[in-house]
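Below, chains carry the letters A, B, ... as their sequence lines are ordered, and counting in each starts from 1.
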Number of protein chains: 2
Amino acid sequence: MLEGAMAQVIQSDTAVEATDPRILRSRRMLMDALIKLLNEKEFEDISVQEIADAATLNRATFYLHYPDKNALLQAMTAARFRELIARRGLSFTDCDGALRAIALGVCDYLSETTGCPSQLTKMPLEGSIIPAVEGMFREGASKHEARPAVDSEMLGTAAAWAMFGAARRWLQTPGRVSAEEMAGQIEAMVKPILMSGAV
Amino acid sequence: MLEGAMAQVIQSDTAVEATDPRILRSRRMLMDALIKLLNEKEFEDISVQEIADAATLNRATFYLHYPDKNALLQAMTAARFRELIARRGLSFTDCDGALRAIALGVCDYLSETTGCPSQLTKMPLEGSIIPAVEGMFREGASKHEARPAVDSEMLGTAAAWAMFGAARRWLQTPGRVSAEEMAGQIEAMVKPILMSGAV
DNA sequence: TCAATAAATCGACAGGTGTCGCGTAAGCAT
DNA sequence: ATGCTTACGCGACACCTGTCGATTTATTGA
């Protein structure tokens, strides 16, 4: 119970928002180091020692911030995805536009981060993107003062997983269509889920 | 390219179906050993050495069958899930019944395997259950001689992810409803996805 | 039955992982 | 400026991982 809570605090990092400049600097350097290494080799082939070296930090310092390299990747992914979405404005005033924009964001982010080298979108990503998308749906649902037949949280979860799964498959398809077109298809598939909450 | 194909062969195991009694015996013992250990501790806290010891096999023998412990868990999960579904008949004659049955299967399987001890449904499971569910949707779609507006494969993927994500969330909910009721909710959420393929 | 084939065992290896205690130095508050 | 707090560096630890070559044991087909 307690351990779980602690791990959560460490992983989410934004719990106390961390103001100490040394902490901010270390985490920034670790993320930059990982980004640099990801351009050279696969994530699985990167050791914590390499990340620490590239960040000019001690390996022990790494573990002071993240329990393992997956946690670093996850934190990085979540931050970059949120930033990408935020940069695009994404007003929740009209729902249809927002849904399509989120879908496009997921597609763009996946193709951006897994660009040419790594062929398969790995699991750690799911732990960071899906919760972020769920959060957006939650925010969107709150504007609706919904009367959920099922449970708006559950709808958001199902929609987020469907969206991510579809985007993931799209990315792995050889002769894939454009991200914009895929976003349209995803919108068509996912919208009915969110609608099914209406009594 | 070649390495990937090899790994696939090793992981899927059912490629040549493996008739050698020594192989069957070893894999059975490894799976039984893992099941036994999972009742005592978390998957992450189990080492390959422990699995091999519990199976009264040499550690090197383990690597003769699976590239790592995740592969073993995945193979085990996929086999047990397929078996659970198969045991329930699950005729694809009427679509609505099948969809609900699959949803119930996922819920039951998750609650069965992650019973009391481990609190969170871990990622390796996704790699085994989701593809299995996708396969069922693929089979179901083939009976429909569909004229897909989007792409029936993509619809199946989105539906499988939505279903798994919802079931996963349900499992983690403290005061959760019955598996049967949840299966009904999942059916309601997912059906529109599969329908959205119609022109 | 016997030889060919292939699985299982054994010991050992070069790495990687996560954690510790202890000392140094950077940041912060009074 | 001064002392308290805390991040960081350092070295070392026990353990786990994935792989190898050499040997023994079981299975299968002729």
Salt bridge (Lys or Arg N to Asp or Glu O under 4.0 Å) partners of [X], counting only residues at least two apart:
X       : result
E181(A) : none
R25(B)  : none
R28(A)  : D32(A)
D53(A)  : none

remark   = So the contacted stretch of DNA chain D, first to last nucleotide with an atom under 4.0 Å from a non-hydrogen atom of chain A, runs from dT6(D) to dA12(D)
Sequence neighbours left out, what passes side chain to side chain contact (heavy atoms under 4.5 Å, CB included) with [X]? Give chain and number order.
X       : value
E153(B) : R169(A), R138(B), D151(B)
R59(B)  : V48(B), Q49(B), A52(B), Y63(B)
A103(A) : M163(A), A183(A), I186(A)
K36(A)  : E40(A)

request  = Write down the distance between CD1 (I51(A)) and P (dG16(C)), rounded to a whole number of angstrom.
outcome  =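 Whole-Å distance recorded here is 12 Å.
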ask   = the helix from dT1(C)-dA30(D) to dT30(C)-dA1(D): angle between its terminal axes, five pairs each, to 10°?
value =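 Here the local axes at opposite ends form an angle of 40°.
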task = Take nucleotides 4-11 of chain C nucleotide by nucleotide from the 5' end and write B, S or -, depending on whether a protein heavy atom sits under 4.0 Å from the base, only from the sugar-phosphate, or from neither.
result = --BSSBB-
task = Provide the full list of salt bridge (charged side-chain N to carboxylate O under 4.0 Å, His left out) pairs with a residue in residues 101-110 of chain B, sequence neighbours left out, each pair given once.
result = R88(B)-D108(B)
message = dG18(C), OP1 or OP2 - any side-chain N/O from Y63(A) closer than 4.0 Å?
response = yes
key: Under-4.0 Å salt bridge between E180(A) and R100(A)   = no
